[in-house]
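One-based numbering, in listed order, for ligands and for the atoms of each. The shown structure was predicted, so the numbers you read here are calculated from the model rather than taken from an experiment.
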Amino acid sequence: MAAGRKVAYFPTILMPYEFISLNESFEDGVSASFSKAFTRCSIASISKCETQDVARVLSASCRHLHGNSAAIIGADKYFKFPATRCLTRHFHASLELLARHRGDDSMDLKSSKRPKVVTSGKFSKRKKEVKPAVETPYVPPKLARTGKSLDKTIEIFEGMTIVELTKRCGESISTIENIITNVGEKADSEFDSLSVDIAELVAMEVGVNVCRMHSNEGGEMLPRPPVVTVMGHVDHGKTSLLDALRQTSLAAKEAGGITQHLGAFVVGMQSGASITFLDTPGHAAFSAMRARGAAVTDVVVLVVAADDGVMPQTLEAIAHAKSANVPIVVAINKCDKPDANPERVKIQLASEGLPLEEMGGDVQVVEVSAIKGSGLDNLEDALLLQAELMDLKARIDGSAQAYVVEARVDKGRGPLATAIVKAGTLLCGKYVVIGSEWGRIRCIRDTARKVISQATPAMPIEIEGLKGLPMAGDDIVVVESEERAKMLSEGRKKKAEKDRLKKLEDDRQKLEQEMLEGEENEENADEKERSKRVEVPIIVKADVQGTVQAVSDALKTLNSPQVYLKIIHAGVGPVSQSDVDMAAACDACVVGFNVRNPPAEVTLAATQAKIKIKLHQVIYHLLEDIGNFIVEKAPGTLETQVGGEAEVLNIFAVKGKGKNKGEDLKIAGCRVMDGRLTKASIIRLLRSGEVVYEGCCASLKREQRDVDAVGKGNECGLMIEDCNDLQVGDVVQCLVNVNRKPKFVSSESGAVRIEC
Ligand code: GDP
């Protein structure tokens, strides 16, 4: 046992934790560990101190937290600090586990009897003991790391055995068993089965990525509607087609034709069949979903404009669909246009290797006009036929598997996610983990905004009750309890952070290497771009932890290439003196959401330190306020704009004064048609709409007098430096540099962003 390791116990009546033991050296680790253990109780800090001091600090903290004399007496009585014993760290583990590790029952904890082991072989099974689910957040143990790549992904599934997981992770059985024990589960034999959540936690701890395999065994499989994504070249009519289709949807009919963009909508047919359309056109959304492993799309509608034909992004869309193994239905759009040529488009597509149906292949082609609304029925029929061919079926009963297609923060309802159920039934009231966020589904709404109690496969729904903002493509996992949800969410966040740091480190090393080699590549350019970005430090305070997270996430949506909101601290409670001190040190702005006004002395200190405190009760107002603050801070981009335009009405030649020998000097007699011509600006000369020259203004005169500027409607004489090629009818533009600031943009749905 390592010398200097000590252990501290807390009484159960005081703390949400039954006991805490530490295996770090007291002197070095106690402060961090106690702070960690107490996070739920919001103790600000416990500093490095002697053993007796620790007791006093904890006692005082308990008194502060509980304000109850019985608790204080308990605290003083129960804190014990044996100096020589050492325990493996078991944050948040059960009493039984403590007793088992200690092998005694000091602290009056009842030790559970270990089941008798019948050892008649190496892998003999022990009797499985039923243990309650882990009840507190997961704190990963410190592992001796192998130099494993963080890119490794393993498949995990419900009921996999420890030995299976061990093989996939490439770790030893004892390591995996240790981790399992640390997450509060029992590992009696390597043939014990694990829940998929525990398998994920263990895998994350080992440092590998996971892919959850879902089994449909035993479940009833029923046909389900297809989920369709619209892709194609810019301006070929994707948005218009989606709009036209949305108008034929049930929700649109119910809402009198006006529907909000929700990320997905359903079009119901008279036959009772329906199609789910993902409402975000373009390849970026498709790629983002795929990047997170969200195989949501069943069919891609490839939109090609009949008057334009196959273009680069058409080919890109074909490549995306092919690589995802998703069948294509071609919609030749804009067939109403006089120059529409659908036949040419078909030949182009066929020559790009798309096997069209009418040429003996299996890709259906439909001619439509999104603007006129013609051909939409045919398109819907083609999609249903494609779905039938694919025999799309999903398990209806059992726990749901779903994906987020869009997420946003609503002014009043907090983070909302539009999701599509892939299999099973998603029920209201369930605890879910979405990507690295978690929540309890408070309300499910369909696309007509009706509150429903459950959602079945291919149904787009909006869910409410999340603690943070998930991302498109995140998977939705239903878990058994709040504790499990928190634990998984925390584990995923930690893994993501670890991966991010590793990537940063890798990038840094790469950059260093490249700089050493003197290579100027794109990465350097990116870095330069980033360094130009203005950082705005922010401190976020809110009433509860969930809100802190939601506000922080919502603020992050305001990040733009010009301004980066750096949240230097986020916490629960009103704005305090220490927040102001921190803000003063970092020149930060303090944002308070749903918190009461700070005490007068804090406000005074903030005013003296010129610290802005922004308090709000409505998330939209907060985002608008910070959005405008960001716009103020943004450096802006220099843009060249036309400040004035003049027409050349006459040319006056001054004999022999040209630059070349014997050449006449030409002066343009102009009338300013728009804006102002200024002498200090660059002058652009246009002939028949084409730029023929750009240069400085050599002379600007009005009625024989030199002037600096000439306004709209006035006439003037103009000479351009090094340009003698002036003709009547030419247009002269005066170019000015303008610093364009970004704009704060908000949409009907409450989504906000900064447009640069
Ligand atoms: P996206 O960039 O692919 O989303 O294309 P949009 O839906 O924004 O459409 C680009 C332009 O094409 C818009 O001006 C539309 O009005 C027009 N457009 C879209 N569909 C049709 C159509 O079927 N017929 C005609 N004549 N114009 C269309």
I need the full list of side chain to side chain donor-acceptor pair (under 3.5 Å) pairs touching residues 379-393, with sequence neighbours left out, sorted by first then second residue. Thr248-Glu380
Quick one: which of Ala306, Gly232, Ser369, Ser240 has a heavy atom closest to atom 19 (C) of ligand 1? Ser240
Would you say Val300 and His320 make side-chain contact, with heavy atoms under 4.5 Å? no
Candidates Asp308, Asp235, Ile371, Asp336; heavy atom nearest atom 26 (N) of ligand 1 found on Asp336
Element-labelled atoms of ligand 1 that are located less than 4.0 Å from some non-hydrogen atom of Lys238: 1 (P), 2 (O), 3 (O), 4 (O), 5 (O), 7 (O)
For Pro226 and Ser274 the tightest heavy-atom approach is CD-O, 3.5 Å
Should the proximity of His236 to ligand 1, defined as any heavy atom under 4.0 Å, be assigned to the side chain, the backbone, both, or neither? backbone
Run through Lys450, Arg442, Arg413 and flag the one making a salt bridge (Lys or Arg N to Asp or Glu O under 4.0 Å) with Glu462. Arg413
Quick check on contacts: which atoms of ligand 1 are under 4.0 angstrom from a heavy atom of His233? 3 (O)
Can you tell me if Lys372 has a non-hydrogen atom under 4.0 Å from ligand 1? no
Partner set under side chain to side chain donor-acceptor pair (under 3.5 Å) for Arg344, not counting sequence neighbours: none
What do we get for Thr239 next to ligand 1 when only non-hydrogen atoms under 4.0 Å count, side chain, backbone, both or neither? both
Nitrogen or oxygen atoms of Val368 and ligand 1 under 3.5 Å apart: no
Distance-only N or O hit between ligand 1 and Gly237, under 3.5 Å: yes
Fit a plane to each ring of Tyr620 and Phe744, take the angle between them on a 0 to 90° scale, and name the class: parallel (under 30°), tilted (30 to 60°) or perpendicular (over 60°). tilted
Under 4.5 Å between any side-chain heavy atoms of Lys493 and Glu437, yes or no? yes
Report the part of Asn333 in contact with ligand 1, treating N, CA, C, O as backbone and CB onward as side chain, heavy atoms under 4.0 Å; options are side chain, backbone, both, neither. side chain
